[in-house]
Amino acid sequence: MDAPEEPLPPVIYTMENKPIVTLVHEVVGGRSLSPGQAPLLLIPALLGLPRLHSVALLQRRERLVLLQSPFCLYLPKNVLTGFLFIPVVGAGDQNLFTSIYPTLSQQLPREPMEWRRSYGRAPKMIHLESNFVQFKEELLPKEGNKALLTFPFLHIYWTECCDTEVYKATVKDDLTKWQNVLKAHSSVDWLIVVVENDAKKKNKTNILPRTSIVDKIRNDFCNKQSDRCVVLNDPLKDSSRTQESWNAFLTKLRTLLLMSFTKNLGKFEDDMRTLREKRTEPGWSFCEYFMVQEELAFVFEMLQQFEDALVQYDELDALFSQYVVNFGAGDGANWLTFFCQPVKSWNGLTLRKPIDMEKRELIQRQEATLLDLRSYLFARQCTLLLFLQRPWEVAQRALELLHSCVQELKLLEVSVPPGALDCWVFLSCLEVLQRIEGCCDRAQIDSNIAHTVGLWSYATEKLKSLGYLCGLVSEKGPNSEDLNRTVDLLAGLGAERPETANTAQSPYKKLKEALSSVEAFEKHYLDLSHATIEMYTSIGRIRSAKFVGKDLAEFYMKKKSPQKAETYLQGALKNYLAEGWALPITHTRKQLAECQKHLGQIENYLQTSSLLASDHHLNEEERKYFCQEILNFASEQTDSPGHKVVLPMHSFAHLRDLRFTPSNAVVHVGGVLSVEITVYSQMPVPVHMDQIAISVHFSIEKNSYRKTAEWLTKHKTSNGIINFPMETSPFPASQNSLPALELYEMFERSPSDNSLNTTGIICKNVHMLLRRQESSTTLDTPSGVALDDGAPVLKCCSVTLEPGANTITFRTQAKEPGTYTLRQLCASAGPVCFVLPHLYPLAQYDVYSQEPQLHVEPLADSLLAGIPQKVKFTVTTGHYTVKNGDSLQLSNVEAMLILCHAENKAVIYSNTREKASDASLRVQSSDKVTSISLPAAPAYHMIEFELEVLSLPSAPAAGGEGESTMLGMTEAQRKSKDTQKAGHCMATTDHKSSGDKGVHRVPVVHLSTVIALTFSVPFRTTHAVLSAGTRKYIQVCVQNLSELDFRLSNSDLVDTGDSTDLQLLPLNTKSQQHICSQQSVFFVWELTWTREPPPSLRGRFSMEFRPASEERLSISLKPYTYEFQVENFFTLYTVKAEILPPTGTELCRTGSLCALEVSITRLSDLLEVDRDEALTESDEYFSTKLMYEVVDNSSNWAVCGKSSGVISMPVVAQATHRVHMEVMPLFAGYLPLPDVRLFKYLPHHSAHSSQLDADSWIENDSLSVDKHVDDQLDSSSIKSRGSVHSAASSEHKGLPMPRLQALPPGQVFNSSTGMQILVIPSKDDHVLEVSVT
């Protein structure tokens, strides 16, 4: 049965080193087969196998057992459909299967099937293609075998038996044995195929119907699974019946194959998860679990589900990484000890074949090192990523892998020879880069430099480390020890791999060549460095390019090429400064100083040395060394004595503060000003400076006339200290110099229900935080600081600056008035000058020249007229020197008096308010001039003294009488035309109203200067006429407007008119009254007369006053007077109202109509005041028209009917007119009576007025009310009449309108005012009606 030996096709090996798929052609050979034997090997041609499976092909000289062949799924790029290769074990009639196999292999993959997976994964449409293998019992899976690649998913038994005898003799027994074997191995996925052939039926005449054999098979073997037996009719014929049979058979076969595969795949995944959950148990092996999960990855890979396969390797990667981290934390697993073996080989990653079988076998045997595991794992990830067309992720993962491997070796404490890890990283970087270059074209590589530049940079760094380690960078070259180390490193690389042996620029050859000689190393290192810098620059990562350049600068310094190193060092320093890295800044500056010293750049070297001398990150000896370098240069005699080296001061010393004396930085011409500065030296040793100078800029302001001593004092700082920040921060653009975050809460609410929709945080100064940093200038190069040689300077010579704070004082004498600005600070030591070019904040002092001035200021908050008060006089001497005998002349005015005392004192102050001396003052006063003899005082001093003044306002002019009479009067008092006048002593003459205060301005003349003093009148006085029937009273109200308390005495009211019958009887019991601030005092007099009352009263009120706090005054004060005039104050009419309850009741009830009777009585005969337009004459007597109005302001009564009317009142004493109307009380209780008002009813001036009926106007209620209506009139009633009037005016357009004139309040006396009447509730008030809507 063995076929002759012949060359077998190449195969791919499984995890168990067994062939899994043949790639070329099926091997059937021409050998004969025994009857009933299935073919030994039936393999369909594979479709679109990826390049992955054509690598690492091995020849095996043995028979192929295709039961071990796995399935393989081919998917196009859109991953929508695919081909699934499933192992199928065949049994039964081999010749039958051989005949129908070609048709079966072609038809099976044509129709797609939907593959539904568990855990909610998306379904896929796939095409099925199977590998058929002859059935053998030893090939069935054993108990506990977790292999998925060699698992038989479906068993098929083929037969074309149509004879009952043959079935009973052979086929039934064969089927029984076949099923027993399957049951013994727990295999439930099987199918019986009965092939019907019409040609065989014709040869046998005694055969049963076609269904007989099928029914017997189903009854014998498929009782509960009748669908497991199918019939295939004439499979080799070309007919519709045959095609239908094929379609049904293929559908059943596809369904069973897919169900079996899905079921077994899910079971394998569950077993794998169970194994992973046991990882905490003793004896669990990561390598064994690795092989299991990788088998699942192989399955997905052959299904071309590369993403799912990649997930399996990522999970293995993460699991192993977590164990390594736990080991570093002290929680180690036993199996990790296998990976802690010393590293003996460092040949880098192997990415040119999909499966590195050598490393895989090491993992399987638990003999792999950490680098072996990581290399194999990453190689598999790389292969899958390239299949997914994600080469740039390979570069990203490779960089992370290389860095993490370095850390994992340290955590696991793995022994690694020096330089071995550098070799492994270098080779791995180049291997990844070349692998990516082999998959992408040049345009793609150039456009994705950002993904690969990290590998270039890492390879450059590791090659540099190898160069230093092997002595290839030293001046003398490598020694014997370096050579031995190089040989050991090259030995650890091993032999070059066969796949790269023919590559000219393989990583192996590059590393070997770079370590072979100094020249070769320099060439490779420079090529890598320049390439890396160019890549970083092309993608805009200037910072990273500068850092690589710094490493290159160190290499150039080792090679004694400082001119090449300087540029790279400056670039690196610039980036360190921008980001605020303190230690790298110090280290780079040291390298830069060495470079500048070799190049002879004196000025740059001195500046760098000053920065290093003030750098606290250096030790004391290093700082002293750089400081001494500066001092040595300063002590040398230069060839050009005039040449100076100008350096910025921020590295040498820091100006902390500046103090002016005097503190306000204001000094007069000839005065002395001192400037004291505090300089903090940052040098480690005392430094002797030849000179420290401050340059001064002088300017004259255009508005220099304002720069008086007073103005300068108000606009200058009081303490005289100016604090300076650091001139230049050591880290100009670091995070320390950025402004603080200004974060604010933000809430957005719904406009409908005010509910909170969103909330967040807003940064309001984001424009400051994200603004672009200037990067065009070099930070550590001289900034072109220039000395201001032509400007005047303040200087101190021979100053030694100790480390720390130093105080230096400059003194100057002011010569010319103007503003002096301190511009520049310069400290010189020989030819070296440390310059602070600008002083900020601005430091200025002012020199002024001033004319003599007089300033008058009251000591109290406000001056009061009528009482003596103290005023402070301040004489500023300015540039004039006051001598003995000089006097101050004040022109007196009538409105103000200066009170002279026997002794007056003056105090002399300097312009800084320091007391100089006391002196006596002599004051001489005449009618018009007051002369004050001043004490002797030097220039730019102040003489202060106090004098008492008294304001005596004069009487008002005739033209101002109308204005003065209206001050402080209410609206009602204005209508009565009462007037008030000012007396000769004290009144409100020429005062201006300011709120409730009157003020009086008194000019004081000094030379050509007028100084205004404001005096406030302390009182406001008003008067009122009070009536009680025909008796009259005068009330005077005095209100204190000032903040002082006064004592009032001797109050008096006299009639200044010609009436001799009028007497004023005082009703005031106290002779003295105490009036507090903002309070009022009332005085009352009763008016009596013997004959007919006069038409008017002219009164003058007077009182004496003095401040309550002073018992005795030096002078006697004149009394306060107030004049007024009252006209028509006598009573003409009395009004009496009476409300009567309804008939039959004793009391008024709410809601009931009551009678209101109003009586109006005339008290006198015809008087002069009655002669007006309303007066009419009849045969018997005169009469006048009056209008009455009943108004209830409190809304207690409802007036029924007309509330007003016009009556004709006889002008005869005791003439009475009664008016009856009805009112209704609205509330219960004691209610005040409604108000009754009287008006004079004046006809219109037109001639047609006599033709109009007055009652028609009353009926229409359209009256024209005079503008002098009493303020006590009800505003609502006026508004109502006005509204009707507007309607009536439109109706009676062009008709004359009558007018109303209110009677003065003194002429009408209402005797019912204040009366109340009892109103009881109605009987049904307990009933409460509620309306519910």
Side-chain angles (χ1 to χ4, degrees), residues 975-976 1027 1029-1030 1032 1091-1096 1127-1138 1156-1191 1201-1221 1234-1270 1273 1277 1281 1285 1295-1312:
K975 290 191 295 290
S976 64
S1027 302
T1030 58
K1032 297 295 180 179
R1091 290 184 299 179
E1092 182 178 334
S1096 65
E1127 296 182 353
N1128 300 326
F1129 59 89
F1130 46 86
T1131 305
L1132 290 180
Y1133 300 96
T1134 61
V1135 177
K1136 181 180 180 182
E1138 185 179 3
L1156 172 64
E1157 180 179 316
V1158 179
S1159 301
I1160 304 173
T1161 304
R1162 172 82 180 193
L1163 299 182
S1164 64
D1165 294 330
L1166 181 65
L1167 298 177
E1168 199 59 36
V1169 295
D1170 295 321
R1171 300 186 181 276
D1172 53 14
E1173 301 176 38
L1175 185 67
T1176 58
E1177 183 180 359
S1178 63
D1179 296 338
E1180 299 179 0
Y1181 53 86
F1182 288 92
S1183 64
T1184 183
K1185 290 186 178 297
L1186 299 178
M1187 176 183 172
Y1188 65 89
E1189 182 179 20
V1190 178
V1191 179
K1202 291 184 179 181
S1203 62
S1204 60
V1206 177
I1207 61 175
S1208 180
M1209 190 71 182
V1211 186
V1212 179
Q1214 300 303 320
T1216 303
H1217 189 91
R1218 290 180 175 84
V1219 178
H1220 298 273
M1221 60 182 66
D1235 296 334
V1236 180
R1237 301 176 182 176
L1238 286 182
F1239 302 91
K1240 274 195 175 184
Y1241 187 81
L1242 303 177
H1244 196 270
H1245 294 288
S1246 173
H1248 300 283
S1249 60
S1250 60
Q1251 303 175 3
L1252 296 177
D1253 185 7
D1255 293 336
S1256 65
W1257 295 107
I1258 299 302
E1259 184 177 355
N1260 290 319
D1261 200 19
S1262 55
L1263 300 178
S1264 175
V1265 182
D1266 193 6
K1267 65 179 180 178
H1268 297 296
V1269 176
D1270 194 315
L1273 286 176
S1277 63
R1281 286 194 303 274
H1285 164 62
L1295 296 179
M1297 299 293 295
R1299 294 178 295 115
L1300 295 179
Q1301 180 179 344
L1303 293 171
Q1307 291 186 356
V1308 178
F1309 176 72
N1310 193 338
S1311 61
S1312 302

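These numbers were taken from a predicted model, which means no experiment stands behind them. We use all heavy atoms of the structure for the numbers below, so side chains are in, but hydrogens, waters and symmetry mates are not.
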A.B. asks: Output all residues satisfying side chain to side chain contact (heavy atoms under 4.5 Å, CB included) with Ser1203, sequence neighbours left out; order by chain, then residue number.
C.D. replies: Val1199
A.B. asks: Roughly how far apart are Asp1235 CG and Glu1189 CD, rounded to 0.5 Å?
C.D. replies: 10.0 Å
A.B. asks: Listed by chain and number, what are the side chain to side chain donor-acceptor pair (under 3.5 Å) partners of Thr1131, not counting sequence neighbours?
C.D. replies: Lys1032
A.B. asks: Can you tell me how far OH of Tyr1241 sits from CD of Gln1301, rounded to the nearest 0.5 angstrom?
C.D. replies: 14.0 Å
A.B. asks: How about Pro1210 and Arg1162: do any of their side-chain heavy atoms sit closer than 4.5 Å?
C.D. replies: no
A.B. asks: State which residues pass side chain to side chain donor-acceptor pair (under 3.5 Å) with Asn1128; sequence neighbours excluded, sorted by chain then number.
C.D. replies: none
A.B. asks: Go through the steps to decide whether Leu1163 and Phe1309 satisfy the test side chain to side chain contact (heavy atoms under 4.5 Å, CB included), and finish with yes or no.
C.D. replies: CA-CA 11 Å; Leu1163 299 182; Phe1309 176 72; over 6 Å; no
A.B. asks: Side-chain contact, heavy-atom cut-off 4.5 Å: Pro1234 with Val1190?
C.D. replies: yes
A.B. asks: Roughly how far, to the nearest 0.5 Å, is the CD1 atom of Ile1160 from the CG atom of Asn1310?
C.D. replies: 10.0 Å
A.B. asks: Under the salt bridge (Lys or Arg N to Asp or Glu O under 4.0 Å) test, which residues partner Lys1240, sequence neighbours left out?
C.D. replies: Asp1172
A.B. asks: Can you list the residues that meet the side chain to side chain contact (heavy atoms under 4.5 Å, CB included) rule with Thr1176, with sequence neighbours excluded?
C.D. replies: Ser1183
A.B. asks: Pairs under 3.5 angstrom only: tabulate donor-acceptor contacts from the side chains of residues 1212-1220 to other protein residues two or more places apart or in another chain.
C.D. replies:
{"unit_1": "Thr1216", "atom_1": "OG1", "unit_2": "Thr1161", "atom_2": "OG1", "d": "3.3"}
{"unit_1": "Thr1216", "atom_1": "OG1", "unit_2": "Gln1214", "atom_2": "O", "d": "3.4"}

A.B. asks: Does Val1308 have any side chain to side chain contact (heavy atoms under 4.5 Å, CB included) partners at least two apart in sequence or in another chain, and if so, which?
C.D. replies: Val1135, Leu1238, Leu1303
A.B. asks: Go through the structure and list residues passing side chain to side chain contact (heavy atoms under 4.5 Å, CB included) with Ser1096, not counting sequence neighbours.
C.D. replies: Gln1125, Glu1127
A.B. asks: Quick one: does Tyr1133's side chain get under 4.5 Å of Leu1186's, heavy atoms only?
C.D. replies: yes
A.B. asks: Which heavy atom in Val1211 sits nearest to a heavy atom in Leu1166, and how many Å separate them?
C.D. replies: CG1-CA, 3.5 Å
A.B. asks: Go through the structure and list residues passing side chain to side chain donor-acceptor pair (under 3.5 Å) with Tyr1188, not counting sequence neighbours.
C.D. replies: none
